[in-house]
Amino acid sequence: MINLEEKKLLIASHNEGKISEFRELLNFFDVKIISSKELQLPEPVEDGISFEENALIKAKSAAELSGIVALSDDSGIEVEALDKRPGIYSARWAGPDKNFVFAMSEINRMLDELGAVSEEKRRACFVCALCLYYPSGEHEFFVGKIDGKIVWPPRGKYGFGYDAIFLPDGLNKTFGELTSSEKHSWAIDKVGLSHRAIAFSKFAKFLTKK
Ligand code: IMP
């Protein structure tokens, strides 16, 4: 049975933004958070073919190298008309300069080329797969998904990545127009809005029922 009896959790990431977002989402729990970056663990090659596989590669590598329970995430945006691209390649579409203005305009250009003008042809979703991995090899996945559509031009000054072109179903603000607390709106007893918050809600439920 998986639990966090050592009260220590390793965030399997070298990305400062992601580490601080994890800290924010985990501050309800009485666990000491450390990261692969702090421990200077090498970064594994992410050559999985799904969000879950990539999350597993990161968490397994970190847990095996450190001997500490590790939590990782892999996330991205899937555009239906583009056969779910960029998907697991969402970060890579922005190139080494992390040019998301370019990556967002590529999505729009490809949709325009397909003649995907109407809202139903611009369906997309954000996905987040979390993997909790124990040095013993036991592991669990927690997946969150939020549906919406691609809008153009980009809207909003908040967020990162593809936030400014993603309009979640049921809201008239893009992720880029929502503050971080509105976007995640997560609490221990409430399922949040974003794909990451939904995955975290599942993770929290799993931990608290232990
Ligand atoms: P990862 O670090 O390999 O998981 O890369 C995830 C990539 O997906 C990020 O670099 C962003 O481009 C994109 N992404 C994931 N979640 C979000 C989000 O909440 N908003 C905007 N972009 C996101």
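Keep in mind that this is a model prediction, so the values were computed, not measured. Note that ligands are numbered from 1 as they come in the structure, with each ligand's atoms numbered from 1 the same way. Atom set for the values below is all heavy atoms of this structure, side chains included, hydrogens, waters and symmetry mates excluded.
Residue Asp73 has no nitrogen or oxygen atom sitting less than 3.5 Å from a nitrogen or oxygen atom of ligand 1, judged on distance alone.
Shortest contact from atom 16 (N) of ligand 1 to any protein heavy atom: Arg196 NH2, 2.9 Å. In this structure, atom 19 (O) of ligand 1 lies nearest to the protein heavy atom Lys183 NZ, 2.7 Å. Closest to atom 12 (O) of ligand 1 among all protein heavy atoms lies Phe100 CE2, 2.9 Å. Protein heavy atom in closest approach to atom 20 (N) of ligand 1: Asp163 OD1, 2.6 Å. Protein heavy atom in closest approach to atom 23 (C) of ligand 1: Phe126 CE2, 3.4 Å. For atom 15 (C) of ligand 1, the closest non-hydrogen atom on the protein side is Ser75 OG, 3.1 Å. Closest to atom 2 (O) of ligand 1, if we only count protein heavy atoms, is Lys18 NZ, 2.7 Å. The protein heavy-atom contact nearest to atom 3 (O) of ligand 1 is Asp74 OD1, 3.3 Å.
Note that CZ of Phe141 and NZ of Lys202 are 13.5 Å apart. Values are rounded to the nearest 0.5 Å. Atom CZ of Phe160 and atom NZ of Lys18 lie 8.0 Å apart (nearest 0.5 Å).
Of all atoms in ligand 1, listed by their number and element, those nearer than 4.0 Å to a heavy atom of Ala91 are 5 (O), 7 (C), 10 (O).
Between Ile146 and the choices Cys125, Pro168, Cys128, the side chain to side chain contact (heavy atoms under 4.5 Å, CB included) rule is met once, by Pro168. None of Glu80, Met110, Glu106 except one satisfies the side chain to side chain contact (heavy atoms under 4.5 Å, CB included) rule with Arg85; the exception is Met110.
The heavy-atom pair separating Gly192 from Ala197 by the smallest distance is CA-CB, 3.9 Å. Listed here is the closest heavy atom pair of Ile88 and Gly48: CD1-O, 3.4 Å. Taking both residues in full, the closest heavy atoms of Gly76 and Ser90 are given as CA-OG, 3.3 Å, listed atom of the first, atom of the second, then distance.
Relative to atom 17 (C) of ligand 1, the option among Phe160, Phe175, Tyr162, Phe166 with the closest non-hydrogen atom is Phe160.
A donor-acceptor pair under 3.5 Å is absent between the side-chain atoms of Lys183 and the main chain of Leu193, judged by distance alone.
At a 4.0 Å cut-off, not a single heavy atom of Lys98 sits close enough to ligand 1 to count as contact.
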